[in-house]
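So that the names make sense, note that chain A is the first sequence line, chain B the second, and so on, each numbered from 1.
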Number of protein chains: 2
Amino acid sequence: MKEMTSQLESKNVKPSIARIKVLEYLTQYPTHPTVDEIYHHLADEIPTLSKTTVYNSLKVFKEIDLVREINLGEHQNRYDVDVSEHGHFKCDHCGRIIDLSINLQNVDAKELEGCRIDHRHVYFRGFCPLCSASKQ
Amino acid sequence: MKEMTSQLESKNVKPSIARIKVLEYLTQYPTHPTVDEIYHHLADEIPTLSKTTVYNSLKVFKEIDLVREINLGEHQNRYDVDVSEHGHFKCDHCGRIIDLSINLQNVDAKELEGCRIDHRHVYFRGFCPLCSASKQ
DNA sequence: ATATTTGCAAATAATTTGCAGTCGA
DNA sequence: TCGACTGCAAATTATTTGCAAATAT
């Protein structure tokens, strides 16, 4: 909580309750939640919270590079407090998302010569060990 | 045109005019178009075409692995007749999409042990050589 | 007091669905 | 003729926006 506050203050973003709680949620549950998941979890604690505020907070966090918006080929975005370069694997059976320690710096293609690369995204989809064992 | 027909027939999909034209468009203009782009280009030629039919055709093509749905962190999907494993780079200035010859088989992470991987997606975003030269 | 944040409701946009009409073997 | 294909309109879903009320320093 205190850490969230100082993280926000260090980026010159006012640590409002909503922002602290959203950031805290992302930190405590780094499961790459969707806006809906964040909203519903926090709604109990903050009954006045609106989804718009969750969107607003995440927008600010993205701008100051505190969270990363990720997109696993679904219709909705997910959010990750781990802004370091890594990939994701999504299990299409149980929905679990696994972080992949992929060094994207190595993933270079000749076609990228002269390009300024701002973001690198890697995600795989399939069945996680548990789900592929259960033969689904 | 004839090739499109036989491609479809070999997969037991009826080669209707709409399907042939959509597939032909994707083949002739492998620019990773969106549904909207496909629809508007073909609407001149086939005035009765509806966007639903474009969606329907693409859905069938995906199922028979004739096209690949790609998603570059935008709000809409794109479609690629090149179903071989490769990555993409999108220029955030001019919108151009460059195919990347990345061997994703190499991109392995220890966390993937035991996973059944069905799809591998890699995309980068930034500025292409032309746009980064113009210092935008 | 004043600027920022919040939250409702409406707008936007991509995609999906229901269903009736049409087309082709 | 019959089943598959098409296409309109409506539904669904995620996200954004306008603006007024609430809040904080």
Rounded distance in Å - [atom1] ([X]) to [atom2] ([N]):
X	N	atom1	atom2	result
A:F61	C:dT5	CZ	P	11 Å
B:L42	D:dG7	CG	P	11 Å
A:N56	C:dG7	CG	P	9 Å
B:K59	C:dA14	NZ	C1'	16 Å
A:R78	D:dT15	CZ	P	11 Å
A:E63	C:dT5	CD	P	11 Å
B:E74	D:dT15	CD	P	15 Å
B:Q76	D:dT16	CD	P	14 Å

Centre-to-centre under 6.0 Å for A:H93 and A:F127, is that the case here? yes

Looking at side-chain heavy atoms only, is the closest gap between B:L26 and B:I38 below 4.5 Å? yes

Under-4.0 Å side-chain N/O to phosphate OP1/OP2 contact, B:S16 with C:dG24: no

Does a side-chain N or O from A:N77 land closer than 4.0 Å to OP1 or OP2 of D:dT15, or not? yes

By the 4.0 Å heavy-atom rule, please label A:D36 as base, sugar-phosphate, or nothing.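 Result for A:D36 = nothing.
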
Hey, are B:D118 and B:R116 close enough for a salt bridge, meaning a charged N less than 4.0 Å from a carboxylate O?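 Counted as a salt bridge, because a side-chain N and a carboxylate O are separated by less than 4.0 Å.
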
Can a donor-acceptor pair be found between the side chains of A:H121 and A:N71 at a distance below 3.5 Å? no

Nearest to the [X] side chain among [options], which nucleotide is it?
X	options	value
A:K14	C:dT5, C:dG7, D:dT15	C:dT5
B:T48	C:dA13, D:dG7, C:dT6	D:dG7
B:T52	D:dT6, C:dT15, D:dA9	D:dA9
A:T53	D:dC5, D:dT15, C:dG7	C:dG7
B:Y55	D:dC8, D:dT15, C:dT15	C:dT15

Assess the residue pair A:H32 and A:Y79 against the criterion (ring-ring contact (aromatic ring centres under 6.0 Å, His included)); give the C-alpha distance rounded to whole Å, side-chain angles, the decisive distance to 0.1 Å, and a yes or no. CA-CA 5 Å; A:H32 318 84; A:Y79 297 87; over 10 Å; no

Tell me which of B:K62 and B:I17 sits closer to the 5' end of DNA chain C, going by the nucleotide each one is nearest to.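 The residue whose closest nucleotide sits nearer the 5' end is B:K62.
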
